[in-house]
Amino acid sequence: MWRATALQAFPGVGFREPSHAPELAEAERRLGRGLPPELKQLLLESNGVIGQGSVDTVWAIDRIVEQNLLFWSDPSFARLYMSFEALLFFGDNGGGDQFAFVQMPRRPDVFVWEHETDSRRWVAGDLRDYLGRSLREGDDDWYQL
């Protein structure tokens, strides 16, 4: 299902080998929280999605874990930015801005964190909407107003 959704938006999309349930369970253990169900299903079909310009539209599970643990715990980030604790990052635009689900309160919407301004704003209603918008537009600023 997720591969078809991505292919519909961008026929040249790249897929990785699927993740496995034990790998996702270990990721959730390390993160100390559950992954959104739709993200888990996508990762079971493809451990990441590569969009136009080789952008990691959806990261592989190991990168999801490492990036989030870094953002939640790095003291230098805590001095520079608002807390990232409520966010679960899962992809980027190739230029520093990152996409995340809001985990507290849990919701299906996707937000962008713009690294230069530390702004966080809504860009898609859910993962399917995010894939459609980000893969179809084909440039790294598709989410700009």
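Numbers here are sequence positions counted from 1.
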Any side-chain heavy-atom pair from [X] and [Y] closer than 4.5 angstrom?
{"X": "Tyr81", "Y": "Asp74", "value": "no"}
{"X": "Pro18", "Y": "Leu44", "value": "no"}
{"X": "Asn68", "Y": "Leu87", "value": "no"}
{"X": "Leu42", "Y": "Val58", "value": "yes"}
{"X": "Leu127", "Y": "Pro108", "value": "no"}
{"X": "Val102", "Y": "Phe111", "value": "yes"}
{"X": "Leu31", "Y": "Trp72", "value": "yes"}
{"X": "Pro36", "Y": "Gln103", "value": "yes"}

To the nearest 0.5 Å, what is the distance between [atom1] on [X] and [atom2] on [Y]?
{"X": "Glu28", "Y": "Ile64", "atom1": "CD", "atom2": "CD1", "answer": "10.5 Å"}
{"X": "His115", "Y": "Asn93", "atom1": "NE2", "atom2": "CG", "answer": "8.0 Å"}
{"X": "Asp109", "Y": "Asp129", "atom1": "CG", "atom2": "CG", "answer": "9.0 Å"}

### Query
Side-chain heavy atoms under 4.5 angstrom apart, residues restricted to Ile, Leu, Val, Met, Phe, Trp, Tyr: same cluster for Val112 and Leu80?
yes
### Message
Tell me whether Leu69 shares a hydrophobic cluster with Met104, the cluster being built from Ile, Leu, Val, Met, Phe, Trp, Tyr side chains joined at under 4.5 Å.
### Response
no
[X] and [Y]: which non-hydrogen atoms are nearest, and at how many Å?
{"X": "Met82", "Y": "Arg120", "result": "O-NH2, 3.0 Å"}
{"X": "Gly48", "Y": "Leu43", "result": "N-CD2, 3.9 Å"}
{"X": "Thr57", "Y": "Ser134", "result": "CG2-OG, 3.3 Å"}
{"X": "Val65", "Y": "Ala27", "result": "CG2-CB, 3.5 Å"}

Kindly indicate whether a cation-pi arrangement holds for [X] with [Y], taking the cut-offs as under 6.0 Å to the six-membered ring centre and within 45° of the axis.
{"X": "Arg128", "Y": "Trp2", "answer": "yes"}
{"X": "Arg133", "Y": "Trp122", "answer": "no"}
{"X": "Arg3", "Y": "Phe15", "answer": "yes"}

### Message
Regarding Asp118 and Trp113, do their side chains bring together a donor and an acceptor under 3.5 Å, going by distance alone?
### Response
yes
#### Entry: Partner residues of Gln8 under the side-chain contact (heavy atoms from CB on, under 4.5 Å) criterion, sequence neighbours left out
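Testing Gln8 for side-chain contact (heavy atoms from CB on, under 4.5 Å), a comparison that skips the adjacent residues, returns none.
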### Task
Check the pair Thr5 / Leu135 against side-chain contact (heavy atoms from CB on, under 4.5 Å), numbers first and verdict last.
CA-CA 10 Å; Thr5 298; Leu135 293 172; over 6 Å; no
### Query
Passes side-chain contact (heavy atoms from CB on, under 4.5 Å), Tyr130 versus Glu38? Steps please.
CA-CA 12 Å; Tyr130 166 77; Glu38 58 186 5; over 6 Å; no
Do the charged groups of [X] and [Y] touch, with an N to O distance under 4.0 Å?
{"X": "Arg33", "Y": "Glu85", "answer": "yes"}
{"X": "Arg121", "Y": "Glu114", "answer": "yes"}
{"X": "Glu66", "Y": "Arg63", "answer": "no"}

### Query
Parallel under 30°, tilted from 30 to 60°, perpendicular over 60°: which one fits the rings of Phe71 and Phe84?
perpendicular
### Query
Under the criterion ring-ring contact (aromatic ring centres under 6.0 Å, His included), which of Phe89, Phe90, Tyr143 is the partner of Phe99?
Tyr143
### Task
Step by step, work out the side-chain contact (heavy atoms from CB on, under 4.5 Å) result for Arg136 and Phe10.
CA-CA 6 Å; Arg136 186 174 18 259; Phe10 173 48; over 6 Å; no
### Query
Can you pull the side chain to side chain donor-acceptor pair (under 3.5 Å) pairs that have at least one residue in residues 9-25, sequence neighbours excluded?
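Of all non-adjacent pairs touching residues 9-25, those that pass side chain to side chain donor-acceptor pair (under 3.5 Å) are Arg16-Asp56, Ser19-Asn47.
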### Task
Under the side-chain contact (heavy atoms from CB on, under 4.5 Å) rule, what do Ile61 and Lys40 come out as? Steps first, then yes or no, please.
CA-CA 9 Å; Ile61 190 61; Lys40 282 175 78 167; over 6 Å; no
